Student: 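What follows is a structure written as structure tokens; I'll ask about it next.
Computed from a predicted model, the values in this text were never measured in an experiment. Letters go in sequence order (proteins before strands), and every chain restarts at 1.
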Amino acid sequence: MLQVAKIRENKEAYLKALEKRNFDATELFSEVLRLDEERRSTQATLDEILAESNKLSREIPLMFKSGEHMKADLLKEKSAGLKVRSKELSGKLNQVSADLQQQLYNLPNIPNELVPAGASEADNQEVFSEGEIPQLHEGALPHWELAKKYDIIDFELGNKITGAGFPVYKGKGARLQRALITYFLDKSTQAGYTEFQMPLMVNEASGIGTGQLPDKEGQMYHVQQDDLYLIPTSEVPITNMFRDSLLEEKDFPIKCTGYTPCFRREAGSYGADVRGLNRLHQFDKVELVRIEKPEDSYAALDDMVEHVKELLRELGLPYRILRLCGGDLGFTSSMTYDFEVYSTAQDRWLEISSCSNIEAYQANRLKLRIRRKDGKKELAHTLNGSALALPRVLAGILENYQTPEGIRIPEVLVPYTGFDLIN
RNA sequence: AGAGAGGUGGCCGAGUGGUCGAAGGCGCACGCCUGGAAAGUGUGUAUACGCUAACCGCGUAUCGAGGGUUCGAAUCCCUUCCUCUCUGCCA
């Protein structure tokens with residue numbers, strides 16, 4: 001959520017920046033500023049009435065004491081009148097504030113100046129790539145065929161037990177999953193992130209805090225009986241640890257990591273995209289979350305990018321990094337780097353990590369602030385990134401490491417798997 | 001899930017209708033004291049919004065949350081959330 005005061009100060013620059021998203025905020029901005037104006041003037045009037053009313057309340061008992069009952073009754077009447085007006089006004093204040101809030105929810109974050117303009121993923125900027133695309137042997141298979149051939153992932157069984165998008169990992173497949181999770185967590189903690197195990201369900205307030213609610217309600221599984229949501233990413237519970245908090249400057253930076261399954265309804269996704277491990281309703285992910293001072297947040301984003309690079313380098317997967325263009329940038333993000341691994345057998349790039357600087361957009365909803373050494377308070381910046389999401393890493397390993405003898409395991413994982421070949 | 005108790009400032013804890021944003025203590029910050037420290041001592045120490053150039057000042061709100069009664073609510077009533085104890089159930 002953008003800050004009204006900043007919109008007022010930077011209106012023109014913001015409008016221009018939002019053009020990169022192909023988002024014309026002209027009308028929304030003027031509506032927001034109008035509502036804010038109204039909110040402030042309503043509060044000013046209300047405050048005056050309440051002040052008057054408080055004053056009367058202080059005078060009334062004095063009059064009773066001095067025996068001026070008539071006068072006291074008069075004031076009582078006056079006070080009652082003020083109360084009627086104050087009720088009206090506070091009702092109006094609530095309404096205007098809610099309207100303002102609603103309009104602010106409709107505004108996406110302001111893209112960083114480095115973000116290129118663009119309409120779709122075709123306009124994303126490749127900023128880095130690394131790794132050799134392997135020459136596969138004759139008859140190389142896509143990962144869903146390999147999974148079947150070596151009996152390590154059973155999609156049919158998942159269909160039977162739950163439904164599409166909930167695969168069952170078996171034997172070495174299950175072990176490889178566990179190895180990846182442990183490897184990723186080890187790398188995160190070595191990089192100074194504190195590991196957390198978070199609840200897999202969150203309440204409504206948390207959903208609102210990180211921005212999944214109220215808009216993207218349909219993307220989360222909702223447990224209606226208890227009004228809880230299955231997390232779509234551990235970003236939600238982890239970031240919400242810091243909801244409604246005022247952190248001291250000396251506590252920064254804050255670096256958190258956590259492994260959780262993630263649950264996504266993926267309503268509206270069809271086609272080849274959902275084949276095999278490409279898109280699932282339940283998948284595993286190790287997430288990085290950082291809370292930073294505003295002046296440090298872009299260095300932190302670079303640091304996260306370096307971290308993910310190292311993971312992919314160690315795993316020996318060919319990848320590229322894209323700076324997302326305005327049109328492809330997430331609603332809440334100021335700048336996002338997507339990592340894509342090349343899936344040799346599918347002959348396409350698969351998104352495997354997304355590292356974003358949300359700047360103050362999320363912090364404003366979360367009420368997550370910093371108290372500076374001099375006592376000044378301001379919103380913190382939040383960042384998050386996957387390090388990494390498992391299914392597509394697995395797909396990449398299966399496809400890129402296949403040989404006629406079987407699937408070789410990247411060297412760095414062997415200590416975690418206890419085997420170096422799936423056959 | 002049933003019965004009971006309770007939710008007050010960073011923490012502990014007083015306060016059962018009227019100058020209560022809230023006693024007292026602890027903690028913390030700064031000063032004095034000291035060769036230095038401890039002890040002692042003095043002062044200060046919530047957040048949000050609005051007015052404002054202002055993190056000066058003033059106003060308003062906030063004692064889990066929301067609503068109600070009243071001229072006036074931390075205190076009374078209702079709803080709701082949470083915590084604790086006992087009982088039940090259970091990995």
Student: Would you measure the distance from the C1' atom in B:G25 across to the matching atom in B:U80 and give it in whole Å?
Tutor: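 Going atom to atom, C1' in each nucleotide, I get 34 Å.
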Student: So, A:Asn240 versus A:Arg243: side-chain donor-acceptor pair below 3.5 Å or not?
Tutor: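 Short answer, yes.
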Student: Say you pick atom C1' in B:U62 and the same atom in B:A73; how far apart are they, in whole Å?
Tutor: 13 Å
Student: Between B:C86 and B:A74, how far is it from one P atom to the other, in whole Å?
Tutor: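 Per the computed distance, 34 Å lies between those P atoms.
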Student: On RNA chain B, nearest-nucleotide positions of A:Ser53 versus A:Leu46: which is more 5'?
Tutor: A:Leu46
Student: Heavy atoms only, 4.0 Å cut-off, all strands: where does A:Lys377 land among base, sugar-phosphate and nothing?
Tutor: sugar-phosphate
Student: Mind running salt bridge (charged side-chain N to carboxylate O under 4.0 Å, His left out) on A:Lys71 and A:Glu59 for me, showing each step along the way?
Tutor: CA-CA 10 Å; A:Lys71 218 169 161 189; A:Glu59 285 168 3; over 6 Å; no
Student: Scan nucleotides 50-59 of chain B nucleotide by nucleotide, 5' to 3', and note B when protein non-hydrogen atoms come under 4.0 Å of the base, S if they reach only the sugar-phosphate, - if neither.
Tutor: SS---B---B
Student: Do the side-chain N or O atoms of A:Lys87 get closer than 4.0 angstrom to the phosphate oxygens (OP1, OP2) of B:U69?
Tutor: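 True: A:Lys87 side-chain N/O within range (under 4.0 Å) of B:U69 OP1/OP2.
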Student: Does a side chain donor of either A:Asn109 or A:Ser334 reach within less than 3.5 Å of an acceptor in the other side chain?
Tutor: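 Judged by distance alone, the side chains do pair up.
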Student: How does protein contact run along nucleotides 15-22 of chain B, one letter per nucleotide 5' to 3', with B for base contact, S for sugar-phosphate only, - for none, heavy atoms under 4.0 Å?
Tutor: ---B----
Student: We want to know whether A:Tyr337 and A:Gln125 form a side-chain donor-acceptor pair, criterion being a heavy-atom distance below 3.5 angstrom.
Tutor: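 Looking only at side-chain atoms, A:Gln125 and A:Tyr337 do not form any donor-acceptor pair under 3.5 Å.
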Student: Would you kindly give the CG-to-P distance between A:Leu82 and B:G72, to the nearest whole Å?
Tutor: 10 Å
Student: Examine the side chains of A:Asn94 and A:Ser97 and answer whether a donor and an acceptor come within less than 3.5 Å of each other.
Tutor: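 A:Asn94 vs A:Ser97: no donor-acceptor pair found between side chains.
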Student: Taking atom C1' in both B:G27 and B:C82, what distance in whole Å separates the two?
Tutor: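 That atom pair is separated by 26 Å.
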Student: Check every strand shown and say whether A:Arg372 touches a base, only sugar-phosphate, or nothing at a heavy-atom separation below 4.0 Å.
Tutor: nothing
Student: Check the side chains of A:Gln362 and A:Asn384 for a donor-acceptor pair under 3.5 angstrom, ignoring hydrogens and angles.
Tutor: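 There is no such pair (donor and acceptor under 3.5 Å, judged by atom type) between the side chains of A:Asn384 and A:Gln362.
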Student: What integer distance in Å separates A:Leu366:CG from B:A48:P?
Tutor: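 Whole-Å distance recorded here is 15 Å.
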Student: What's the gap between B:C84 and B:G64 when it is taken at their C1' atoms, as a whole Å value?
Tutor: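 My reading of the C1' atoms in B:C84 and B:G64 gives 15 Å.
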Student: With heavy atoms under 4.0 Å as the rule, sort A:Lys373 into base, sugar-phosphate or nothing.
Tutor: nothing
Student: Got a sec: does the CD of A:Glu121 have more than 12 other heavy atoms crowding it under 6.0 Å?
Tutor: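 Not more than 12 within 6.0 Å, no.
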Student: For B:G17 and B:G13, measure between their P atoms and round to the nearest Å.
Tutor: 23 Å
Student: Once you round it to whole Å, what is the distance between C1' of B:C71 and NZ of A:Lys55?
Tutor: 14 Å
Student: What integer distance in Å separates A:Leu62:CG from B:G72:P?
Tutor: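 Going from A:Leu62 (CG) to B:G72 (P), I get 16 Å.
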Student: Take atom NZ of A:Lys148 as the centre, draw a 6.0 Å sphere, and report whether it contains more than 12 heavy atoms from other residues, nucleotides or ligands.
Tutor: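 12 or below, so no.
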Student: Do A:Lys172 and A:Phe419 meet the cation-pi criteria used here (NZ or CZ under 6.0 Å from the six-membered ring centre, within 45° of the axis)?
Tutor: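 Verdict for A:Phe419: a cation-pi partner in A:Lys172.
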Student: Could you check A:Glu88 against A:Arg85 for salt bridge (charged side-chain N to carboxylate O under 4.0 Å, His left out), going step by step and ending with a plain yes or no?
Tutor: CA-CA 5 Å; A:Glu88 275 171 26; A:Arg85 279 197 65 202; 5.6 Å; no
Student: Please report the distance separating the C1' of B:A14 from the corresponding atom of B:A22, rounded so that it comes out in whole Å.
Tutor: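 Approximately 10 Å lies between the C1' atom of B:A14 and that of B:A22.
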Student: Tell me: CG of A:Asp227 to C1' of B:C82, nearest whole Å?
Tutor: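 Nearest whole value for this atom pair: 16 Å.
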Student: Rounding to the closest angstrom, what is the interatomic distance between B:G66 and B:C71 at atom C1'?
Tutor: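 Their C1' atoms lie roughly 24 Å apart.
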Student: CD of A:Gln101 versus C1' of B:C49: gap in Å, rounded?
Tutor: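 About 14 Å, once rounded to whole Å.
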Student: Provide, to the nearest angstrom, the distance between the CG atom belonging to A:Leu75 and the P atom belonging to B:C71.
Tutor: 12 Å
Student: Any donor-acceptor pair under 3.5 Å linking the side-chain atoms of A:Glu399 with those of A:His143?
Tutor: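 Checked: A:His143/A:Glu399 side chains pair up, N/O donor to acceptor below 3.5 Å.
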Student: Between A:Leu100 (CG) and B:C49 (C1'), how many Å, whole number?
Tutor: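 That distance rounds to 13 Å.
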Student: Taking OP1 and OP2 of B:G72, is either one under 4.0 Å from a side-chain nitrogen or oxygen of A:Lys83?
Tutor: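 The answer is yes; a side-chain N or O of A:Lys83 sits under 4.0 Å from OP1 or OP2.
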Student: Just to be sure I follow the notation: if a pair is Watson-Crick (purine N1 to pyrimidine N3 plus N6-O4 or O6-N4) or a G-U wobble (N1-O2 and O6-N3), each under 3.5 Å, what dot-bracket string does RNA chain B give, with | for pairs to another strand?
Tutor: ((((((((.[[[..)..(.....]]]((((((.......))))))((((((.....)))))).[[[[[..)....]]]]])))))))....
Student: When you check the phosphate oxygens OP1 and OP2 of B:A46, does a side-chain N or O of A:Arg371 lie under 4.0 Å from one of them?
Tutor: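 Answer no for this pair, as no side-chain N or O of A:Arg371 is under 4.0 Å from OP1 or OP2.
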Student: So, A:Asp99 and A:Gln103: side-chain donor and acceptor under 3.5 Å apart, yes or no?
Tutor: no
Student: Would one find more than 12 heavy atoms of other residues, nucleotides or ligands at under 6.0 Å from atom NZ of A:Lys6?
Tutor: no
